[in-house]
Amino acid sequence: MTMPQSPFAALMDITPRPPVVFADGRGSWLYDTTGKRYLDLVQGWAVTCLGHSPAPVLKALTDQAARLINCSPAFYNEPAVRLAQALTRVSGLDQVFFANSGAEANEGAIKLARRWGETHRGGAYEIITTVNGFHGRTLATMSASGKEAWKTLFEPKVPGFPKVPLGDLAAVEAAITDSTVAVMLEPIQGEAGVIPAGDAYLRGLRELTEKRGLLLILDEIQTGMGRTGTMFGFEHAGIRPDIMTLGKGIGGGVPLAALLARREVSCFQHGDQGGTFNGNALMCAVGSAVLAEIAAPGFLERVQAAGARLWAGLEALSRRHGLGGVRGQGLLLALDLGRPVGPQVVETAMAEGLLLNAPRPDTLRFMPALTITDAEIDQALAMLDAVVAKIG
Ligand code: PLP
């Protein structure tokens with residue numbers, strides 16, 4: 001007799017997943033196949049920035065799909081041109097290469113920096129990155145990441161990524177050699193547990209890289225597109241990077257990412273970079289619709305207000321239960337649980353209909369839809385309060 005196979009058996013088992021199948025999503029809410037609803041403060045890890053299936057994304061998808069989906073990256077298409085123009089306008093950077101995932105955008109940033117190093121710094125190729133930083137899951141971006149658990153994975157790694165502790169300017173200075181071409185980091189380390197680099201440190205890095213003739217690469221895949229209450233995380237520090245990568249929220253849920261650079265740094269030669277899906281009309285049309293929402297008057301102010309409300313609620317909850325406090329910016333926040341109960345909180349909350357994320361065993365990370373309402377924030381806080389009380 002053969003045992004009936006799990007319906008999930010055909011999917012590679014790459015991560016522990018609860019035995020729930022999601023079928024529908026609307027705004028801040030997800031629904032599973034049994035009809036149970038969940039208040040979603042994960043939003044695909046900060047991906048569905050306007051919530052699930054928002055009207056502007058649906059309209060862009062249907063309008064554009066009816067006209068043109070993909071015509072090869074070796075041809076221009078209207079949505080890619082339009083989105084590139086809009087992104088350069090809001091970022092102050094000059095040129096864009098579209099990618100399909102954050103890791104791919106970062107892979108492109110690494111290649112661009114190496115190309116620039118070859119042309120302008122005698123073949124320098126090393127990129128100083130940060131301990132606990134996260135840049136993706138391709139081989140080069142895993143090598144650039146500073147995740148302790150990845151240190152010995154998939155050896156040999158791509159060489160050329162010396163690591164420094166976040167926040168230590170002297171360590172960066174000490175790590176610079178003739179082979180150094182750039183410094184690369186996240187304005188707020190997301191996967192590490194929402195650890196802000198700090199405005200003074202970012203300003204110091206900008207000064208140092210300028211003084212030493214190096215590039216500053218900011219991975220804004222998690223912090224960009226309004227997540228921290230400004231369009232890009234670097235705005236809080238009043239600096240501008242030479243290269244920036246965007247992903248996650250830029251597509252509002254569809255696979256879209258971008259690599260942006262200053263004109264002098266934008267030095268790819270023909271054949272250096274490409275890909276059959278890159279800059280396709282369908283995803284770029286969605287990107288423009290998402291950007292138009294985030295750039296609309298009052299949107300970022302609303303993100304700041306929602307972030308302040310969530311922060312205040314988490315802070316009060318932390319005090320009530322003797323937890324370790326809140327950190328982060330805008331709608332990228334973390335609650336320090338003070339002990340390694342994160343996975344238990346996530347599991348219990350899910351059973352109660354609240355979706356949370358614990359990037360570290362002692363940390364909850366909150367990345368709700370940028371459109372979350374005050375009532376939803378209050379409901380989530382009440383549910384979390386009950387879960388924390390239950391776990392004790
Ligand atoms: N960089 C940062 C800062 C991220 O948070 C992530 C994803 O979590 C990535 C890169 C990788 O993006 P993707 O999963 O789209 O490849």
Side-chain angles (χ1 to χ4, degrees), residues 12 14-15 41-49 97-113 127-147 149-150 153-154 158 161 163 166 182-197 202 216-228 232-234 236 241 243-260 275 277-280 283 286-287 290 327-334 356-360 363-368 370:
M12 286 194 192
I14 50 121
T15 187
L41 268 59
V42 179
Q43 294 286 346
W45 285 292
V47 165
T48 37
C49 65
F97 170 78
F98 290 114
N100 310 294
S101 71
E104 191 193 354
N106 280 339
E107 188 87 19
I110 293 163
K111 285 168 66 178
L112 187 61
I127 300 177
I128 298 171
T129 59
T130 59
V131 175
N132 294 326
F134 183 88
H135 299 296
R137 292 171 183 278
T138 62
L139 203 47
T141 55
M142 283 183 91
S143 307
S145 298
K147 242 175 114 94
W150 286 0
L153 265 185
F154 306 126
V158 176
F161 299 101
K163 311 275 182 315
L166 186 74
V183 177
M184 176 176 183
L185 76 162
E186 304 152 82
I188 298 175
Q189 286 186 336
E191 297 301 308
V194 189
I195 315 292
L202 286 173
L216 179 62
I217 305 174
L218 288 184
D219 176 344
E220 293 249 14
I221 284 158
Q222 194 156 142
T223 52
M225 307 313 294
R227 177 57 49 187
T228 68
F232 306 109
F234 67 73
H236 296 286
I243 296 176
M244 169 171 71
T245 51
L246 297 170
K248 292 184 181 283
I250 191 178
V254 304
L256 178 65
L259 158 65
L260 290 91
F277 293 121
N278 296 57
N280 70 79
M283 297 306 131
V286 175
V290 171
R327 57 178 183 265
Q329 203 153 31
L331 282 173
L332 178 58
L333 297 180
L356 299 172
N357 165 254
R360 282 200 326 220
T363 302
L364 293 180
R365 176 176 45 168
F366 301 85
M367 6 171 207
L370 302 180

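Counting starts at 1 for both ligands and their atoms, following the listed order. Positions are given from 1, in the same order as the sequence printed here. Nothing here was measured: the structure is a model prediction, and the numbers come from that model.
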Point to revise | Non-hydrogen side-chain atoms of Leu260 and Ile243 separated by less than 4.5 Å | key: no
Study note, to complete from the structure: For Gly102, the ligand 1 atoms with a heavy-atom partner under 4.0 Å come out as 12 (O), 13 (P), 15 (O), 16 (O)
Revision key, fill the gap. Near Asn106 (heavy-atom distance under 4.0 Å), the atoms of ligand 1 are 1 (N), 10 (C)
Exercise for review: For Lys248, take its heavy atoms, then give the atoms of ligand 1 lying under 4.0 Å from any of them.
Suggested key: 4 (C), 5 (O), 6 (C), 7 (C), 8 (O)
Check your understanding: With side chains defined as the heavy atoms from C-beta onward, is the minimum distance between Glu220 and Met244 less than 4.5 Å?
Key -> yes
Exercise for review: Indicate yes or no: at least one non-hydrogen side-chain atom of Phe366 is less than 4.5 angstrom from one of Val194.
Suggested key: no
Check your understanding: How does Trp45 reach ligand 1, by side chain, by backbone, by both or by neither, if only non-hydrogen atoms under 4.0 Å count?
Key -> neither
Review point. With atoms numbered from 1 as shown, which atoms in ligand 1 lie under 4.0 angstrom from a non-hydrogen atom of Glu186?
Key: 3 (C)
Exercise for review: Under 4.0 Å, heavy atoms only, figure out whether ligand 1 is touched by the backbone of Glu104, its side chain, both or neither.
Suggested key: neither
Check your understanding: Under 4.0 Å from any heavy atom of Ser101, which atoms of ligand 1 are there?
Key -> 15 (O), 16 (O)
Point to revise | Between CG on residue Leu185 and CG on residue Leu216, distance to nearest 0.5 Å | key: 6.5 Å
Review point. Which protein non-hydrogen atom lies closest to atom 4 (C) of ligand 1, naming both residue and atom, and how far is it?
Key: Phe134 CD2, 3.7 Å
**Study point:** Closest protein heavy atom (residue, atom, distance) for atom 5 (O) of ligand 1
**Key:** Gln222 NE2, 2.7 Å
Point to revise | Arg137 and ligand 1 - part of the residue with a heavy-atom distance under 4.0 Å | key: neither
Check your understanding: For Ala103, is at least one N or O under 3.5 Å away from an N or O on ligand 1?
Key -> yes
Review point. Is the shortest heavy-atom distance from the side chain of Ile195 to the side chain of Arg360 under 4.5 Å?
Key: yes
Practice item. Output yes when Glu191 and Arg365 qualify as a salt bridge under the 4.0 Å nitrogen-oxygen rule, no when they do not. Key: yes
Practice item. Between Thr223 and ligand 1, find which residue part has any heavy-atom pair under 4.0 Å and reply side chain, backbone, both or neither. Key: neither
Check your understanding: Any side-chain heavy atom of Thr223 sitting closer than 4.5 Å to one from Glu186?
Key -> no
Side-chain polar contacts of residues 101-108 - donor-acceptor pairs under 3.5 angstrom, sequence neighbours left out - could you list them?
from: Ser101; atom 1: OG; to: Glu104; atom 2: N; distance (Å): 3.1
from: Glu104; atom 1: OE1; to: Asn100; atom 2: N; distance (Å): 2.8
from: Glu104; atom 1: OE1; to: Asn100; atom 2: ND2; distance (Å): 3.0
from: Glu104; atom 1: OE2; to: Asn278; atom 2: ND2; distance (Å): 2.9
from: Asn106; atom 1: OD1; to: Thr245; atom 2: OG1; distance (Å): 2.7
from: Asn106; atom 1: ND2; to: His135; atom 2: O; distance (Å): 2.8
from: Asn106; atom 1: ND2; to: Asp219; atom 2: OD2; distance (Å): 2.8
from: Glu107; atom 1: OE1; to: Thr138; atom 2: OG1; distance (Å): 2.5

Check your understanding: Does atom 15 (O) of ligand 1 have a protein heavy-atom neighbour under 4.0 Å away?
Key -> yes
**Study point:** Ligand-residue contact atoms, ligand 1 with Asp219, heavy atoms, under 4.0 Å
**Key:** 1 (N), 2 (C), 3 (C), 10 (C)
Review point. Quick one: does Val183's side chain get under 4.5 Å of Ile217's, heavy atoms only?
Key: no
